[in-house]
Amino acid sequence: MTIKKSRFVQSLNAFRDFPGQGLPEIAMVGKSNVGKSSLINSMTNNSKLARTSSEPGKTRLVNLYLINEAFFLVDLPGYGFARAPKQERDKWAAMIEGYLRASTHLKRVFQLVDIRHEPTEDDQLMVEYLRHYGIPFTVVATKADKLSKAQRGRNIPAICRKLAVQPWEVMVYSSKDGTGKDRLLELIGEEVEPVEQETEIKA
Ligand SMILES: Nc1nc2c(ncn2[C@@H]2O[C@H](COP(=O)(O)OP(=O)(O)O)[C@@H](O)[C@H]2O)c(=O)[nH]1
Ligand SMILES: [Mg+2]
């Protein structure tokens with residue numbers, strides 16, 4: 001798919017504020033600093049869309065973006081920011097879970113992990129959660145430009161093992177050089193673009 005139009009809609013404090021509108025939703029989850037906002041900016045070719053930060057733990061809200069007036073991109077707050085007070089971490093978890101459980105139009109979750117590191121316990125819990133609730137998800141290994149092709153290949157098995165996914169299910173991505181962007185957009189297109197109806201009915 002081609003992204004022609006993207007705009008920020010609003011930041012939400014709680015799921016009950018979700019404007020919905022019946023459009024499909026695609027959500028991004030991952031630890032803070034894993035590259036969620038950068039991925040949103042690179043896939044939309046809109047460097048000013050989502051705020052990126054080299055300082056972890058900045059996105060404390062659910063940020064909503066409307067793409068092509070056709071679907072919502074949902075940027076969930078980054079988890080696993082150890083330095084935050086427990087009360088605040090609990091609030092983030094409640095927001096993520098509240099959204100995932102209540103959304104009726106969620107088509108797919110992209111679970112981001114840094115290609116350089118083994119997924120954490122939080123990443124594992126997140127994936128278990130998605131599996132438990134039967135939410136379709138795809139693992140995206142971010143910041144691929146930081147590794148050589150050979151190193152990437154060596155790191156994928158550990159990611160697969162920790163998250164119990166197959167190597168071909170992992171999308172390698174770089175917001176810097178565009179690696180994996182076409183594949184990501186293709187998959188999102190399959191989820192959000194209406195399939196042409198078969199009109200001919202065979203007897
Ligand atoms: N080299 C490189 N850096 C990245 C990439 N994606 C994100 N970053 C950097 O990682 C930091 C955190 O990115 P951000 O998108 O704000 O992460 P978020 O907290 O998950 O939204 C920023 O300094 C980004 O510039 C990438 O694909 N390649
Ligand atoms: Mg962010």
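Numbers for residues simply follow the sequence, beginning at 1. Fair warning: this is a prediction, and the values are worked out from it, not measured in the lab. For ligands, and for the atoms within them, numbers begin at 1 and follow the listed sequence.
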Asks: Below the 3.5 angstrom mark, is there an N/O of Ala144, backbone or side chain, next to an N/O of ligand 1?
Replies: no
Asks: Can you confirm whether Ile156 sits close enough to Val172 that some side-chain heavy atom of one is under 4.5 Å from a side-chain heavy atom of the other?
Replies: yes
Asks: Flag Tyr173 as yes when one of its N or O atoms lies below 3.5 Å from any N or O atom of ligand 1, and as no otherwise.
Replies: no
Asks: Is any side-chain heavy atom of Glu69 less than 4.5 Å from a side-chain heavy atom of Arg7?
Replies: yes
Asks: Would you check the N or O atoms of Ser32, main chain and side chain alike, for any that come under 3.5 Å of an N or O of ligand 1?
Replies: no
Asks: Do Val109 and Met126 touch side chain to side chain, with heavy atoms closer than 4.5 Å?
Replies: no
Asks: Could you confirm whether Ser32 has any N/O/S atom lying under 2.8 Å from the Mg ion (ligand 2)?
Replies: no
Asks: Report yes or no: does a heavy atom of Thr142 sit under 4.0 Å from some atom of ligand 1?
Replies: no
Asks: Would you say Gln124's side chain and Lys162's backbone share a donor-acceptor pair under 3.5 angstrom?
Replies: yes
Asks: So is Ser175 polar-close to ligand 1, meaning N/O to N/O under 3.5 Å?
Replies: yes
Asks: When you compare the side chain of Lys146 with that of Ile115, does any pair of heavy atoms fall below 4.5 Å?
Replies: no
Asks: Could you list which atoms of ligand 1 come closer than 4.0 Å to a heavy atom of Lys36?
Replies: 15 (O), 17 (O), 18 (P), 20 (O), 21 (O)
Asks: Run the contact test for Gly30 against ligand 1 with a 4.0 Å cut-off on heavy atoms, strictly below, and give the result.
Replies: no
Asks: Might you point out which heavy atoms bring Val34 and Lys31 nearest each other, and give the distance in Å?
Replies: CG1-O, 3.1 Å
Asks: Is it the case that ligand 1 has an N or O less than 3.5 angstrom from some N or O of Arg51?
Replies: no
Asks: Does the side chain of Asp145 come within less than 4.5 Å of Thr179's, by heavy atoms?
Replies: no
Asks: Considering residues at least two apart in sequence or located in another chain, which fulfil the ring-ring contact (aromatic ring centres under 6.0 Å, His included) criterion with Phe137?
Replies: none
Asks: Do ligand 1 and Gly35 have nitrogen or oxygen atoms that lie under 3.5 Å from each other?
Replies: yes
Asks: Nearest heavy atom to atom 1 (N) of ligand 1 wins, so pick from Asp177, Asp145, Val34, Asn33.
Replies: Asp145
Asks: Show the atoms of ligand 1 that are less than 4.0 angstrom away from any heavy atom in Ser174.
Replies: 27 (O)
